[in-house]
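First the structure, in the form of structure tokens, and then the observations on it.
Each ligand, and each atom within it, is numbered from 1 in the order the structure gives. As the structure is a computational prediction, the values presented were derived from the model and not from experiment.
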Amino acid sequence: MRKIALKILDPRMNDYLPAYATRGSAGLDLRACIEAPLTLKPGTTELVPTGLAIHIADPAYAAIILPRSGLGHKHGIVLGNLVGLIDSDYQGPLMVSAWNRGQQDFVLDPMERLAQLVVVPVQQVAFDVVDEFADSERGEGGFGSTGRG
Ligand SMILES: O=c1ccn([C@H]2C[C@H](O)[C@@H](COP(=O)(O)OP(=O)(O)OP(=O)(O)O)O2)c(=O)[nH]1
Ligand SMILES: [Mg+2]
């Protein structure tokens, strides 16, 4: 398995090193590394520290932060930025923008699993400026051009 440098910014995280829950898991749960319960009022967003920093280092990879399905679907706790993107050269604290898009207060407990991190391959590109594209089957058709159902 590929190794990524990880800094533990909060000693409590020593007991909660990110790990895949099952052999087939894609996501590593990120915890709310907060001192006291945090009430997320409906419609509000809080930046929550995870107590971790990572340095992916290789530009052929990035990490994305995604909501946890249960929190998002049942409690309305998703991400204020919808998806977080962690650049391969970022070395700062991993933060989760927690948005309560629901109708009720949600009390986030210290060390509760809040979101998940997925490491993904990235292809960086350079651009070739052209006047015309080579023909393609779709051409400029988009936004439902192939029909609805
Ligand atoms: O949910 C997130 C999203 C981003 N980041 C960190 C890692 C990322 O590499 C950096 C910058 O993120 P991004 O490029 O998405 O934000 P920006 O608003 O464009 O900031 P910048 O001007 O620093 O690039 O912030 C997080 O910790 N959590
Ligand atoms: Mg940016």
Side-chain angles (χ1 to χ4, degrees), residues 1-131 133 136 138 140-145:
M1 219 179 268
R2 175 167 291 271
K3 297 243 173 163
I4 288 177
L6 174 99
K7 270 191 197 169
I8 294 171
L9 305 179
D10 184 308
R12 289 175 294 172
M13 287 307 295
N14 278 302
D15 297 332
Y16 293 113
L17 285 187
Y20 295 105
T22 65
R23 210 167 65 86
S25 293
L28 298 150
D29 286 333
L30 295 174
R31 293 174 185 270
C33 214
I34 49 181
E35 298 298 330
L38 175 65
T39 301
L40 292 166
K41 296 258 176 221
T44 63
T45 306
E46 297 277 351
L47 203 53
V48 178
T50 64
L52 299 173
I54 58 169
H55 181 208
I56 298 170
D58 183 344
Y61 292 85
I64 53 179
I65 299 178
L66 298 174
R68 292 186 65 216
S69 306
L71 280 186
H73 180 71
K74 294 185 197 152
H75 302 285
I77 303 302
V78 293
L79 304 177
N81 47 356
L82 304 188
V83 174
L85 177 63
I86 312 303
D87 297 287
S88 68
D89 54 356
Y90 180 68
Q91 299 182 325
L94 275 185
M95 305 293 287
V96 173
S97 172
W99 171 30
N100 183 353
R101 61 159 186 80
Q103 313 289 324
Q104 271 148 23
D105 283 9
F106 182 84
V107 179
L108 184 64
D109 288 323
M111 311 315 282
E112 180 167 357
R113 292 176 299 155
L114 172 61
Q116 52 188 332
L117 186 81
V118 180
V119 177
V120 292
V122 168
Q123 176 69 68
Q124 286 188 330
V125 298
F127 290 104
D128 210 1
V129 178
V130 297
D131 290 325
F133 292 130
S136 76
R138 174 178 288 273
E140 295 186 1
F143 295 86
S145 68

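If you number the atoms of ligand 1 from 1 as listed, the ones under 4.0 Å from a heavy atom of Pro93 come out as 27 (O).
The shortest heavy-atom distance from Gly92 to ligand 1 is not under 4.0 Å.
There is a protein heavy atom less than 4.0 angstrom from atom 14 (O) of ligand 1. Contact annotation for atom 1 (O) of ligand 1: protein present (non-hydrogen atoms, distance under 4.0 Å). Contact annotation for atom 17 (P) of ligand 1: protein absent (non-hydrogen atoms, distance under 4.0 Å). The nearest protein heavy atom to atom 27 (O) of ligand 1 is closer than 4.0 Å. Inside a 4.0 Å radius of atom 23 (O) of ligand 1 there is not any protein heavy atom.
Nearest heavy atom pair, residue Val96 against residue Leu79, reads CG1-CD2, 3.6 Å. Listed here is the closest heavy atom pair of Pro67 and Gln116: O-NE2, 3.0 Å. The shortest heavy-atom contact between Met13 and Gly51 is CG-O, 3.8 Å. Between Arg113 and Arg68 the shortest heavy-atom distance is O-NH1, 3.1 Å.
Across Val96, Asp89, Leu82, Leu85, heavy-atom proximity to atom 8 (C) of ligand 1 is greatest for Leu85.
Below 3.5 Å of separation, one finds an N or O of Met95 facing an N or O of ligand 1. At least one N/O-N/O distance between Asn81 and ligand 1 falls below 3.5 Å.
Between Pro42 and Asp105, some side-chain heavy-atom pair lies under the 4.5 Å cut-off.
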